[in-house]
Amino acid sequence: MMSPKKNVQAKKKKRRPKSLVLKNLRQIIQIAPFLFPIIVTAFTYSWLYTRTNIVAHPIEGLRSRKVNLMKRNDALHLSIEQLQAPQRIEAIAREKLGMISPERWQVVVLDKPVRAPEAAVQMAAPAPQEWRGLPGLFFRLSAGLPAAQASPQTTEQPG
């Protein structure tokens, strides 16, 4: 069998790794207060970076879509301006519709606004408020006025 010396040496060998583990554990415990904030900061940074990318990706897509829509809007405004250009409308009227510009004698330039004749203005003037409608007709009849003087609003028109 084994001698007692070999037995002691085998036990010593087994004890050394345990003491090394304890020694390393003690060192880790001593260093932990310094490593813990660094590890927490690294995890926090990576978590925030990931969350930011998750949120920022759709935002960047929307920004690029907005830029594309603004470019398209500008192109549509330019096309509308080109379609509404007076030269283009005149060319279409001449070529496709066969229209011609009026001669000088066909154009009447008015310096002052045209006024309607006084008689037409008086006939078109509205009747006073008490003379309008059915109550006004009764008022005129009770006042002894003939019904022929009734305002145009009270006479019935066909149609």
Exercise for the section: Step by step, work out the side-chain contact (heavy atoms from CB on, under 4.5 Å) result for R51 and I54. Expected result: CA-CA 5 Å; R51 294 298 297 168; I54 289 171; 4.2 Å; yes

Do you know which two heavy atoms are closest between [X] and [Y], and how far apart they sit?
X: A32; Y: P37; answer: O-CD, 4.4 Å
X: S46; Y: T50; answer: O-OG1, 2.8 Å
X: L83; Y: I89; answer: O-CG1, 4.1 Å
X: E103; Y: Q106; answer: N-OE1, 2.8 Å
X: Q82; Y: R88; answer: O-CD, 3.4 Å

Rounded to the nearest 0.5 Å, what separates atom [atom1] in [X] from atom [atom2] in [Y]?
X: I39; Y: F43; atom1: CD1; atom2: CZ; value: 7.0 Å
X: Q27; Y: I29; atom1: CD; atom2: CD1; value: 11.0 Å
X: N53; Y: E60; atom1: CG; atom2: CD; value: 10.5 Å
X: E95; Y: E90; atom1: CD; atom2: CD; value: 10.0 Å
X: L62; Y: H57; atom1: CG; atom2: NE2; value: 10.0 Å

Practice task
Each residue besides W105 in its hydrophobic cluster should be listed here, by chain and number; the cluster joins Ile, Leu, Val, Met, Phe, Trp and Tyr at side-chain heavy-atom distances under 4.5 Å.
Solution key: none

Check: residues 72-81 side-chain donor-acceptor pairs under 3.5 Å, at least two apart:
from	atom 1	to	atom 2	distance (Å)
N73	OD1	H77	NE2	3.3

Practice task
For L25, look at atom CG and say whether over 12 heavy atoms of other residues, nucleotides or ligands are found less than 6.0 Å away.
Solution key: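 Correct, the count exceeds 12.
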
